[in-house]
Every structure is written in structure tokens, then in C-alpha cells.
Amino acid sequence: MRSEGLKIIAAKEFNDHLRSRKFHLIFGIILVVAIIGLIAGAVDYQQEIADYNDDQSTVSGDDPVMPGSWQKPSILSAFSEMATLMTSVGVILGIAMGFDLITREKESKSLKLLLSHPIYRDEVINGKALGGVAAIALSIGIVLVISFAVLLIFGIVPNLEETVRILLFGVLSFLLIFSFFAIALFISAVAKDSGSAIIYTLIIMIVLSSLLPIFAEGSVYTAIFGDSPDPPEDGIRMIGRADPGAAGADTAASSGRSTWNQEVSEEWQEYQEASQAYWQQRQAVGNVIGLLSPTENYETLVSAVTTANTYAVRMAPGSRTVATPAATADDAAEGGLSALSGLLGDLAKNIAALIITPALFFGLAWVRFMREDVR
Amino acid sequence: MIRCEHLTKIYAGVPAVDDLNLEIPAGEIFGLLGPNGAGKSTTILMLIGLIQPTSGTCSIDGVEVSTHPIEVKKNIGYMPEDVGFYANMTARENLEYSAKLYGMDATARGKRVADLLSLVGLDGVEKEVGGYSKGMRQRLGLAKALINEPRIVILDEPTANLDPRGVADYRRIVREVADAGATVLVSSHILSEVSRVCTTVGILARGKLVAHGSLDRLVHEGGGGQVTIRVETKHPMPEISHPAIVSSEYSEGRTTARIVADTDIRDLIADTVGSAGIRGLEREYPGIEDIFLSYYREEECA
């Protein structure tokens, strides 16, 4: 019976989402923009492919000149642009689906009636979450199916690697929307009414999507922690004069030159250490702050997943991966799925953060709902 | 049977329900009376497990609510005050959803829903509940409370929004349910309504049960122990004086009097006004409103 109640509530919530006008409106916008974007992307892709083929035909197979300069165009760039849609309208979809799930029940007095049934409270909150998850998954599924359909209409058949990357894009988009759905659900559990819930949720969205990334980028960090240490005056010149063949103060010190030279070298060494510590600290703080933002994590991951011809273009917070263009188009193809899996391994922190965020907020919503007196 | 033992609920240091001891036998229609804020709804919410008591226990048919809420809820039908349904669903869909949550199979569900919609006069109404009047929602609430054929029916202010026909239907349905063996708990501040359907009442004031028993007993014991006597004579009557008299009102040329006394002094009155030709000498029993107010005043004074 415990799972029966969960299934019944989840099914009802799922149907409610699909029948909701706000869902129709926002999902409709996503679909229309996605389709238009994909059509534009497909047209561009066809042009790029034509240019690429022309370029290939003008270079002979043993031409030594810049073999890696002709990277085969990828349709994935269209999905990369779709990420912007997901971080704006997709996020709003998640919020719209979750912000009044509990408050609406309280306002309509139906929560009291619902909880008078022989069901456990966790079935109610879990059912609501499950119904939302199913609706989000269905939405993403529809977007992906239509995306593939648009590509096929334009005669573009993604290869296995591209297909996997597109599916990963779908999974990441699902996690992003679910993150904001879970945040909205949590706010709905703590807010007194739907009006307050939407305001609080939007504030959190702005903090996570806009303010945290600004902080992580460093401008706010600089304002709070100050600028990086200034180098000592003439430090480089003095070391250079002391020993043109050496770059460090140790070399200068061991050579037994004047005390004056020794002091300058120590200053420079101290500067180097302080500077290194400053930037390491800044990088660490930036990485941690970046991980707190679902939008930032999503953009990082989607950028990596939808950039097919390079193993990584963006230096992700905490990532060891450096921008490394593939040697040739063939190399990129051969790199394929194994390169992708390596890349995702490097971005494990971002993936974990994108999973932990909704789990954390759902957990908070769950605890709040379970402990609440229904009056 | 419903039983509450030392049931207490405290919100922010203020007791909403204070050491409530109550027993309602099976098959009874019990009226829980009290003004707004007396603790009626809080008591009911503890009975159906939506609120955890601060202390004390309540049980339904011997099963404690706080430890076995699901088992208890299976046997309870509940209609809250300001009953709320899903506005985007029809009455049938709302009841179907409720029936599913009680674990009823599709066949039983369909029949039960149809029967109940007919019982409360909502059969054939296919619009969404969002377009219902308060009275229609109240009717639907009654149907929902009966969907699981409960042994205990708890109705919180059930006639608040009903029109006269709805009230008549409600009374009929409640009696039928009780006749079928269910215990019915009706919470209300509409005293006349309670007196029409309930066999036993309890009066709550400031979270405490200040009176409990059959309506007849409360009527006899009500009125603060004072006796009201109505006298009618053919001719103007003389002044009636006695130390037990609290107040007296004469009217219609002193042919009618209403005497309130600490004891029943009808014999004394008969002797005093006998010469004026007694047409009537009756003791007036207080109405349920008076009973309620007297108990409530007592509690306030305490």
C-alpha cells in the first residue's frame, strides 16, 4: 500500500503538470525556440559541411601544411546554443512546476483532506517529486525526439558519438531543470503562500544563476580579498643582472654575491610565494563557489559535452583538462567516446554537484514537510 | 469508539486543547460544541493523526492514533471545515482519486463514487470543482467522508455553507450512517444544528471539555443551577417575593411573570398568586444556546 499511494500521487501530479497551462506555455516556448534554433543550426551545419568538403578537396592527402586546421563541423554546436535556452526558459519551467506544489494544496485546503487518507506523508512529498521528475523527463525526451527528427529532416544523421553526446545533453538539461524544480519544491514546503514562494524561489535563482558565477569569476572576490600581491620593484631586473643563466633567487644566493642582491632575491621569492598562494586560494574559492551554482555546472558540462572536435575547450572549475585541439578530424573521431568519458571523469565534481544540488533541496523539502503540523 | 485521554496540544505556550478526556461510544452521534478557537478542530486533527499531541493519547476502536495512523485512517471518514478539493478535477475525479488512495479496486470505486454522488445530489454535475459553490463543495465533502464506508465519521462544521435543502439532506445522511452502526462526531458552533442530530454533546471552552453528556442531562443541569418559572394568571397578580428569587419580570398588566430563582419555588408561587386565578405555572428549560453560554461563562470565570 505504501508504494501504491506513492504511485497514485505521482500519477496525479504528473497529469496535473501535463494539464497545467503554465507548463503548456513554458514548454511550448522551449519547443518553439529549440526547433527554430535547431533548424538554424542544421542550415549552418550544412553550409559548414559544404565548406569543409571544399577545403578537403583542395588539400592533398600528403600536404604537410596545417593538417589539423580543418576540423569537421559538428551539429553539436546547435545543442551548445540550446544550453542558453535551458538556463533561462528551462530553469523557469522547473520553478513554475515546483513553486506552488505544497502551497497550492495548503491554500486550497486540499492538503488536509489528502493527508486524512491512509497514506504516509513521505508518499505525498515523494509522489509530488516523482510526478515532477517524470514530467521534466518527458519534456526533455520530447525535445530530444524532435531534435533528432529535425536533424533527420535535414538529412543529418548523427554518428554514435554525437548521439551519445546529444543524449548526455538531455540528461544534463534534465538535471538542471530538476535542480530548480527541487529548489522551488523546498521553498513551497517552507513558504506560507504561493506568492511568497515564487518570490523566494526567484531570489534563489538569481543568486545561484547570476550572483554566484560573478563571485566565482573573481571580481567580487577581488573586492573582498583585495588584489594580487604586487611584484617588488626591479626584482626581475636585479635577478637578471645577478646571473643571466639562472631564474631563481637560490641560484643568486648560492653564487655568494652581495648582500644587497640577496635581499632583493628574497623579496622576489616572497612575492612569488605570496602570489602563488593568492591565486591558488582564489582558484579554490572560485571552484567551490562555481560548484554551488547549478547553472554554472550545467554550462561547464554542456560546453564540454557539445564540443565534439576538441577534447575540452573550457577550463572547468577544478578540472585538470586543458584546451587541447584534436590533431585532425580523424583523431577527434577516434578519440570519440573514450575521450568523452575521460572528459566527464575530469568534470566529475561538476556532475556530482549537479546531482547533489537537487538531492539536497529535495531532502530539505522532505524534512520540512514531514515535520509540519497541518492545521 | 473514540477515546481521548489527557489529550493536550500546546502552541507557543498556549494550550489549544487542555487535558481532554472524552469517550464516544460506537453508534453515537456526538456533537462537539464550542466557539471559534475552543479547540474543536485541533482535537479533530489529533484524532485523525494530522497533528501530534503535545501529551496524552487518542484512540479509535482501541487503536492509538499516533502509533498506528494508517490503520486508524482506514476506518475514518473526515470532512474538514472549508473543505478543499482539486479545482481542476470534477467531483467524480476527486472522489475517484480519494477512493484510489483508500485502495479500492476499479469496480468498487466506480460503484461507490456513483452511489455517493447520487446520495449528495451531485450526480450529473460534470464541471470542474473550481466552479462549485461552497454548498456544492460541502456536499462533495460529505461524499468524500463516506467514500471508504468508515466506522468513524468526523465532520467539522458540516452545515456551515449548506442551503436548507442541503442541511435536510445532511441530517438524513448522518442519521442513516449512524443507523448503519458508524460513530459520528460532528463539530459545530451552530448549536441548533447539533441539537437536531446529536444524541450526546460535549462542550469545549478554551481547550477544555466543560460539559459532556446526553442533551437531556445538559438541559436539566444547564442554566447555572437556576430555575426559570413562567406564571400566567387571569387577573393581575400580586408581587412575588422570596429570598430565592434572583429576578422577576412582570408583563401584560401583571398577568404574566417570568421568575428566575435559585430553587424551584413553584409551590410558593402557587400559594402567592392563587387568588389571581392561575392559568399556567411552568418551569422553563434553557435552550441549548443558554446551556452552552452558561458553561462557557463558568469556564471564563474560572
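Per chain, numbering begins at 1; letters A, B, ... match sequence-line order.
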Tell me the residues of residues 87-114 of chain A whose non-hydrogen atoms fall below 4.5 Å from those of chain B, in number order.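 Within residues 87-114 of chain A, near chain B: A:E105, A:S108, A:K109, A:S110, A:K112, A:L113, A:L114.
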Ignoring hydrogens and angles, tell me if any N or O in the side chain of B:K100 forms a donor-acceptor pair with the backbone of A:E4 under 3.5 Å.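 No, B:K100 side chain to A:E4 backbone: no donor-acceptor pair under 3.5 Å.
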Are more than 12 heavy atoms, taken from residues, nucleotides or ligands other than [X], located less than 6.0 Å from that residue's [atom1] atom?
X	atom1	answer
B:E176	CD	yes
A:K192	NZ	no
A:F148	CZ	yes
A:K22	NZ	yes
B:H68	NE2	no

Out of curiosity, [X] [atom1] to [Y] [atom2], how far, rounded to the nearest 0.5 Å?
X	Y	atom1	atom2	value
A:L115	B:I51	CG	CD1	11.5 Å
B:I76	A:H117	CD1	NE2	12.5 Å
B:E96	A:K12	CD	NZ	14.5 Å
A:S116	B:N148	OG	CG	8.5 Å

Given B:N75, B:I154, B:D82, B:I48, the one with more heavy-atom pairs under 4.5 angstrom with chain A than any other is B:D82
Below 4.5 Å, heavy-atom pairs only: which of B:A145, B:A87, B:S98 has the largest tally toward chain A?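 Top count of heavy-atom pairs under 4.5 Å with chain A: B:S98.
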B:E93 versus chain A, the contacting section by heavy-atom distance below 4.5 Å: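 Contact with chain A involves the side chain of B:E93 alone.
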Measure B:L45 against the heavy atoms of chain A and call it side chain, backbone, both or neither at under 4.5 Å. side chain
Go through the structure and list residues passing ring pair (Phe, Tyr, Trp, His ring centres under 6.0 Å) with B:Y78, not counting sequence neighbours. none
Any idea which heavy atoms bring A:P118 and B:K74 closest together, and the distance?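 Where A:P118 meets B:K74 most closely, the heavy atoms are CB-CG, 3.6 Å.
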Walk me through it: do A:R371 and B:Q52 pass the test side chain to side chain contact (heavy atoms under 4.5 Å, CB included)? CA-CA 10 Å; A:R371 298 176 66 156; B:Q52 285 297 311; over 6 Å; no
